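What you see is a predicted model, and the numbers here were worked out from it, not measured in a lab.
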Amino acid sequence: MKVCKFEKIKDEEEMKRIINCIRNEHPYVAVLPTIVPLQKWLQEISVSWFHDEDETSHTAINAIEEYCYTLSDHLITSDKLNSDSKVLIQKYCNNMHNLVEEKADLLIDKIIKAEIYRLSTHLFTYFLREQGINAKLLDTSTFMQLNLERRPDIPYIRESIQQYIGQNRDIEMFVVPLSLCKNVYGETDFVSERRNDYYATILATVFKADEILLSTEINHIYANQNSLREQHSLTYTEAEQLINSGVYLLYADCITLAAHSDIAIRLIDTNDLATERLYISSHDTESNVKAILTQDSVTFVRFTSLNVLPGYLLMGKLLEVISKYKINVISMASSNVSVSMILTASPDTLRIIQRELHKYAEMTTDENMSVIHIIGSLHWEHRQVEGRIIETIKDIPISLISYGGSDHCFTISVHTADKSKAIRLLSQQFFRQLSA
């Protein structure tokens, strides 16, 4: 069984691409965001309503109604489905007209937002029915409950959804509005957007899915896309270590939850729904190099000892300050006289660090840096892999190399101006073509 989650629906053309993807994938659950134009009108309604500009709010709702009517005319040719969808649109819009007549209130504002999320997703079920798919809206504001810590209450969700599935065994596909839920008090609520992938992974868990397909913006991933899946597959451990090092891949809890339930994760890019970019599962293909990931906007910092403290005390002092300001260190190398780090920190934070350490070390920085992570089975028993990496980029200046701390990752830092060349050379060496 499969769950598919899509990150963004910008316009009618993107809807068609998503419908085609759904037809090809045949998921049991499709998790969909609100159509972007509706999100813009939602913001307009919220702002005008809290400023007592009722006429502006009603105008925005009318615009939503007209836009949805147009979508129905363009995407639904069946007269009955078209007519039914317009009745549905009118029902949601009438509800919103009535709600904005109320006094401005944060809870009612969330209810209006939920109405727009449901409208967008409910309308999509009609587009799928037009394609012959027996689809139904799954209103997660009834099932997806957060606990007191604002984390999903998975046992409650599982029990509630299983009862609902039992009552709807004839349904071919459930369509879910992304991020909609309820809080511990039963009020309408929403999961943070940065947890969208986690939201979908929870649904995959409670539906006992074997696989989840996640559409996300991953233009920093390079892999051997035009080959067998085994050559762009990561294990849960490899993916988790990447995320913990600061690489944007998924919300970290997605990997933990998927690993616990043995759900394979397939990543596709929002701009290319047909191509699988990465496959994450428990199976280790033991390919030498599986993928290359990049990070930009990082800083190279070197601390050179002023010989005030012994080496071990200087290292302790450096780590104490790094910990104090909660700085993410991506990689680090040291000698008896200096320590070099690749980290993410604002210029202001770097100045504060320099003030705290100026008595003990000279600090030099270079902010125009990028990090390249080469991912694969890089255990020492796999000979010559590190040699091939270094040989491939021998003409590119490297500020720092991190290797040996993990069996799955070889990290280098280069100037951002040299990043594209390094990626091209590494892709040609290990993938035979550039796949980004």
Quiz item: Just by distance, do the side chain of N168 and the backbone of I171 share a donor-acceptor pair under 3.5 Å?
Solution: no
Quiz item: With sequence neighbours excluded, what pairs up with K91 under the salt bridge (charged side-chain N to carboxylate O under 4.0 Å, His left out) test?
Solution: none
Quiz item: Do F207 and I263 pass the side-chain contact (heavy atoms from CB on, under 4.5 Å) test, and can you show the C-alpha distance, the side-chain angles, and the key distance before you say yes or no?
Solution: CA-CA 11 Å; F207 274 95; I263 300 170; over 6 Å; no
Quiz item: Out of I412, I401, L400, which one pairs with S331 under the side-chain contact (heavy atoms from CB on, under 4.5 Å) rule?
Solution: L400
Quiz item: Do you know which two heavy atoms are closest between V206 and Q162, and how far apart they sit?
Solution: O-NE2, 2.8 Å
Quiz item: Counting only N and O atoms by type, is there a donor-acceptor contact under 3.5 Å from the side chain of S72 to the main-chain atoms of C68?
Solution: yes
Practice problem: With the side chain counted from C-beta on, respond yes when T411 and I342 share a heavy-atom pair under 4.5 Å apart, and no when they do not. | Solution: no
Quiz prompt | Spacing of CZ belonging to R17 relative to OG1 belonging to T270, to within rounding of 0.5 Å | solution = 9.5 Å
Quiz item: Which distance, rounded to the nearest 0.5 Å, do you find between the CD1 of I111 and the CD of E102?
Solution: 9.5 Å
Self-check item: Working for side-chain contact (heavy atoms from CB on, under 4.5 Å), residues D73 and N82
Solution: CA-CA 7 Å; D73 289 336; N82 187 290; 3.3 Å; yes
Self-check item: Which atom of Y236 lies closest to which atom of A264, heavy atoms considered
Solution: OH-N, 3.8 Å
Quiz item: Looking at D197 and C254, what are the two nearest heavy atoms and their distance?
Solution: C-SG, 3.4 Å
Quiz item: Between N196, I202, L146, T140, which is the residue that forms a side-chain contact (heavy atoms from CB on, under 4.5 Å) with V191?
Solution: L146
Quiz item: Checking T125 side chain against H122 main chain: does a donor-acceptor pair fall under 3.5 Å?
Solution: yes
Self-check item: Taking every non-hydrogen atom, the tightest pair across K208 and M1
Solution: C-CE, 4.2 Å
Practice problem: Output all residues satisfying side chain to side chain donor-acceptor pair (under 3.5 Å) with S323, sequence neighbours left out; order by chain, then residue number. | Solution: none
Quiz item: Got a donor-acceptor contact below 3.5 angstrom from the K2 side chain to the E25 backbone?
Solution: yes
Quiz item: Got more than 12 heavy atoms from elsewhere within 6.0 Å of CD, E12?
Solution: yes
Practice problem: Measure the CZ-CG distance between R266 and L213 for me, rounded to the nearest 0.5 Å. | Solution: 4.5 Å
Quiz prompt | Backbone of M369 reached by a side-chain donor or acceptor of T416 within 3.5 Å | solution = yes
Quiz prompt | Polar side-chain atom of T188 near backbone of K110 as donor-acceptor pair, under 3.5 Å | solution = no
Practice problem: Report yes if some heavy atom in the side chain of H373 is under 4.5 Å from a heavy atom in the side chain of I330; otherwise report no. | Solution: yes
Quiz prompt | Check: I157 main-chain N/O paired with S160 side-chain donor or acceptor under 3.5 Å | solution = no
Quiz prompt | Taking every non-hydrogen atom, the tightest pair across S57 and W49 | solution = OG-N, 3.4 Å
Self-check item: Backbone of L32 reached by a side-chain donor or acceptor of K5 within 3.5 Å
Solution: no
Quiz item: Between atom CG of L75 and atom CD of Q131, what is the distance when rounded to the nearest 0.5 Å?
Solution: 8.5 Å
Practice problem: Could you give me the CA-CA distance, side-chain angles and deciding distance for S78 and R129, then say whether side-chain hydrogen bond (donor to acceptor under 3.5 Å, both in side chains) is met? | Solution: CA-CA 10 Å; S78 163; R129 289 174 196 171; over 6 Å; no
Quiz item: How about K182: does its NZ atom have over 12 heavy atoms from other parts shown lying under 6.0 Å from it?
Solution: yes
Exercise. For the pair Y117 and L42, evaluate side-chain contact (heavy atoms from CB on, under 4.5 Å) and give the outcome as yes or no after the intermediate values.
Key: CA-CA 10 Å; Y117 277 43; L42 169 61; 4.1 Å; yes
Quiz prompt | Rounded distance [0.5 Å steps], CD1 in I423 versus CD1 in I372 | solution = 4.0 Å
Quiz item: If you measure only the distance, is there a donor-acceptor pair under 3.5 Å linking the side chains of S413 and S399?
Solution: yes
Quiz item: Would the number of heavy atoms belonging to other residues, nucleotides or ligands and lying under 6.0 Å from CG of D79 be above 12?
Solution: no
Quiz item: Looking only at side chains, do E65 and Y69 share a donor and an acceptor under 3.5 Å apart?
Solution: yes
Quiz item: V176 versus V3: any side-chain heavy-atom pair under 4.5 Å?
Solution: no
Practice problem: If the plane angle is over 60° it's perpendicular, under 30° parallel, otherwise tilted; pick one for H58 and H97. | Solution: parallel
Quiz item: Is there any side-chain hydrogen bond (donor to acceptor under 3.5 Å, both in side chains) pair reaching into residues 37-46, and which pairs are they, with sequence neighbours excluded?
Solution: S46-D109
Quiz item: Tell me, do K394 and I390 make a side-chain contact under 4.5 Å, heavy atoms counted?
Solution: no
Exercise. Determine, stepwise, if the pair L119 / I89 fulfils side-chain contact (heavy atoms from CB on, under 4.5 Å).
Key: CA-CA 7 Å; L119 168 59; I89 294 164; 4.1 Å; yes
Quiz prompt | Side chains of I353 and I327 in contact at under 4.5 Å (non-hydrogen atoms) | solution = yes
Exercise. Please indicate whether L106 has more than 12 foreign heavy atoms, meaning atoms of other residues, nucleotides or ligands, lying under 6.0 Å from its CG.
Key: no
Practice problem: Drop me the distance from I116's CD1 to L180's CG, to the nearest 0.5 angstrom. | Solution: 12.5 Å
Exercise. Kindly say whether N134 contributes a backbone atom to a donor-acceptor pair with the side chain of E172 at under 3.5 angstrom?
Key: yes
Practice problem: Specify the closest pair of heavy atoms between N147 and E149, including all atoms of both residues, with the distance to one decimal. | Solution: OD1-N, 2.9 Å
Quiz item: Salt bridge check: are E391 and R388 linked by an N-O gap of less than 4.0 Å?
Solution: no
